[in-house]
Amino acid sequence: MIVAAALIVLLPFAAAVAGLLGSRWPGGVSRTEENNLRANRRAAWFAVSAAVAALALTLWLAWQTSGSGGSGDLFWAEFLPGSAEGTLTVIGTGAIPISVGLQVNGLSVLTAILVTVVALAVQVYSVGYLRGDSRFPSYSAFISLFTSAMLLVVFAADLLVLYVGWEIMGLCSYLLIGHWWEDRANSRAAVKAFLVTRLGDVAFLFGIFTLGFAAGSFRIDDIIAANLPTGTLILATMLLLGGVAGKSAQVPLHTWLPDAMAGPTPISALIHAATMVAAGIFIVARLFPLFPQPTLDVLGVLAAIGMLGAALAAFAQDDLKRILAYSTISQLAYMAAALAAGSPNAAIFHLTSHGAFKALLFLCAGAVIHHVGSNLLSHMGGLRRAMPITFWTMTIGFAALMGLPPTSGFFSKDAVVLAIEHSTSPIRLLLYGSALITVGVTGAYAIRAWLRTFFGEEHVQALAEPAPGTAHVFDGREAPRTMVWPISLLAIPALLFGFIGVADMDWPSAAISLLVALLGAGIVYTAWRSAPHADPARLLGPFRAPCEQAFYLDRAYAALIARPILSLARGVVRTDTHVVDGAVRGSARLTIGLSSFAKLAQNGNAQLYVTGLLAGVLLIAVGAVMWG
Amino acid sequence: MHVVYPAVVAALLFSIGVYGVLARRNTILVLMSVELMLNAVNLNLVTFDVWLRDQLHGGQVLTLFVIVIAAAEVGIGLAIVLAVFRNRQSIDLDRLRDLFEPPNSSDPDGSQPAATKVTTGVGPE
Amino acid sequence: MTPALWPPTAQEIVFLLLSVVAVGSALLVVTTRQLVHAALWLVACFGALAGCYLVLTAEFVAWVQVLIYVGAVVVLMLFGIMLTRAPIGRTADLDSGNRVVAALVALATAAVLVTVVIDGFRSAYTPLDPGTGSAKSLGGSIFRTWVLPFEALSILLLAALIGAIVISRTDIKGRE
């Protein structure tokens, strides 16, 4: 079993190496059209075959671990009770050893299935989406590398090994957001994502150190088993929360995610919706026994703010991908709220279903963007007839996002609301209220995006030359097959996955949230019916501008953090120029000034030189006579 | 004959020669002073040859050699002095200052301060 | 046995008188204000030195001194003075500004040398036997023992001769 887990991690890695090194080798190094096509085809084969193999192995692993003998209150332990652990080697560090090892349990297998399914879908989808892109080999290799890193995080048995995967994910995210780096905005978005998540990762690393040194081991099981004092736990988990907020785009480190939509749409689907941003939630669930109540309360407050704020921001956006990005922040905050309410169960349930339907939404959005040649809702409309498959699958996705039965979102969101309702947390009411309002706003923005994309009048105008950052304009009626297939594949779990939670449903509570969602959707629908051309976002009235700007948080960060740091940096440069360099130059000038005294002797008069010479000889002679 | 007498006379002659070399401005006078110093050495050589009763007369033979070399030296020296005079119209030692380093040839800062280039790198982003 | 330093013998008195002349005229060489006088005082100095050599029984060296120094070198010097159009008569600027320092260094040199010499040779004494520095004995040792340096010196002299000619002639250009 553990060998299978290792293979799952290593196969995509091997594919990444092969894709990077082997796509153009041998003989295809020059960038002609033909060579590019051949390299792209080969890279696609590398990536897709590795993804298929990883998916197959993961399914085999699930079959191995499955059984009905499971017990406990965690649902993955019920379905997948098996577990295994293996350590490749233990690296002695002089203090606490690092054990390079993997661990397979229900949670990791479940998450791995999500990762491999979405990764496979995205790899296949990318073949069509990035057809003819000359950097496709490196792109697909980075996706493979990302998949490998995420799987390493999922299967790691040691916190430091986990951290390695965690950082590689961040790197891949950076590389892939900046795929179309020719546009300055894209590379800035990549840098922003990298720096913001890095801020959280520093805290995360120190959280790992705190835990490791307190427990005397970095192995996750040892740490959970160790009876650590509450103070240490609060400190460590608060630090971990920094990393979680960074990776999972929670308030206050969420600002990178909407900008990260500058990357290719499949990347948004894979990294910034389904998997990497879920890693933060996954970590909290994995280490959940360690989290004391105060940390969970902090997480809950952040989640309550984040879910509502992001949902409102999503309602005001005009860019389809940014709507989905804010929606992702909001949904991740749902999971965080479930964790804060003390139910990793609901959090992981929602994580899995959200991973499926949000990846589906992004891929559909990619197909739409591919068709329209623009990201903006105001350029879309009436695509229902032009792209029937995309329409139906995206409808499933939006329904799941709104939480309409019988989609997976209905069940998982209800599990979250239920968990909040039954929680004993002191901030229960805040969470519950926020969650219910967010359900309504989610319904509103989902229906708005749906209506404005697929209904109303068609005003597709083909752009002459697509700007970097948008996909090619495709003149067919429907997206290419490599894009339709993954969408259809993902629609299945988005629609049906929820039924594994059907036993735990609480129908009255579900009815309440369904009503709220329908209420939000209904308001928007009536507004749209009365004026199909106007944007329903006008319902926000005076709040529209702040919502569209995500409550000016970016500007506040720029004013409070970026600008002071920049001026500090300028001050450092100035100090370097004038004080440090000044000291160096000053000492040089001082030396030159002093040497001008010595230069007085060098006046070119040979007689003076000889005088000095003889005087010196004389002194030496006197010295030799007196002391010789 | 006490050796001290000629030895002291030689020392005095040598010191006078040193003074002449260091103090005279005219190059020919400097050459004369050099001859004085050579003669002081010769006196010493002869004295010690006599005192040590050298069978090979090393001291006196060396004196002869020194006289010959001095003659050659004066010949060459005067030729150089004449050449200098022809080029410079002067044989005053303190006006022959080609050994002097002109003050403006050294640049104290090396170049423009490199820091200005650094500051331009951090523009308002 | 060593006689006392004072009173001096007759030979020593003659030597001391000659050396007073030599040192005195040497002082005049380096202090006189007239260039030509300096050359003439040099003649006096060299002549007195030749007398000293005679007293020290080095008669061949004494004649060579007269011949070469007094005869040749000083004449060369006079030619040099003439060719460089040096001013004839009193001139105030024969000394450079370095005079004080030069006097200090020279006095110190004299003090050190005289001290060391007196300290080292206070009791050294040699009786003077006439004939030891005759042309015959000196010639014998030059052409037996010192013949190789002698030949080398002749080449040196030749080289100096050619060098002086090359330097002083204006129509011989250096290699381009």
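This structure is a prediction, so every number in the text was calculated from the model and none was measured. Each chain gets a letter, A, B and so on, in the order the sequences are listed, and its residues count up from 1.
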Whatever's closer than 4.5 Å to a heavy atom in chain C on Leu78(B) counts as side chain
Which atom names give the shortest non-hydrogen contact between Ile167(C) and Ala79(B), and what distance separates them? CG2-O, 3.5 Å
Any side-chain donor near an acceptor of the partner, Gln65(C) and Asn39(B), under 3.5 Å: yes
Distance-only, no hydrogens or angles: does the Asn98(C) side chain make a donor-acceptor pair with backbone N or O of Leu22(B) under 3.5 Å? yes
Toward chain B, the part of Ala72(C) with a non-hydrogen atom under 4.5 Å: neither
Tell me, side chain or backbone of Leu83(C) under 4.5 Å from chain B's heavy atoms, or both, or neither? both
Out of Met1(B), Gln55(B), Gln89(B), return the one with the most heavy atom pairs under 4.5 angstrom to chain C. Met1(B)
Examine whether an atom of Arg144(C) lies under 4.5 Å from a heavy atom of chain B, and if so say whether it belongs to the side chain, the backbone or both; otherwise answer neither. neither
In terms of heavy-atom proximity below 4.5 Å to chain C, should Ile91(B) be classed as side chain, backbone, both, or neither? side chain
Under a 4.5 Å cut-off applied to non-hydrogen side-chain atoms, are Gln60(B) and Leu138(C) in contact? yes
Out of Gln11(C), Met77(C), Arg169(C), return the one with the most heavy atom pairs under 4.5 angstrom to chain B. Met77(C)
Quick check on Leu76(C) against chain B: is it the side chain, the backbone, both or neither that has a heavy atom closer than 4.5 Å? both
Testing Val74(C), Leu42(C), Val30(C) for side chain to side chain contact (heavy atoms under 4.5 Å, CB included) with Met32(B), which one passes? Leu42(C)
Among Leu56(C), Thr84(C), Val117(C), Leu113(C), which residue has the highest count of heavy-atom pairs closer than 4.5 Å to chain B? Thr84(C)
Which class fits the ring pair Phe65(B) and Phe150(C): parallel under 30°, tilted 30 to 60°, perpendicular over 60°? tilted
Answer yes or no: are there more than 12 heavy-atom neighbours, outside Arg53(B) itself, under 6.0 Å from its atom CZ? yes
Is Leu64(B) close to chain C through its backbone or its side chain, or both, or neither, when contacts mean heavy atoms under 4.5 Å? side chain
Identify which part of Val55(C) has an atom lying under 4.5 Å from any heavy atom of chain B, answering side chain, backbone, both or neither. side chain
Assess the pair Phe48(B) and Phe121(C): is the distance between their ring centroids shorter than 6.0 Å? yes
Checking heavy atoms, do the side chain of Asn42(B), its backbone, both or neither come under 4.5 Å from chain C? both
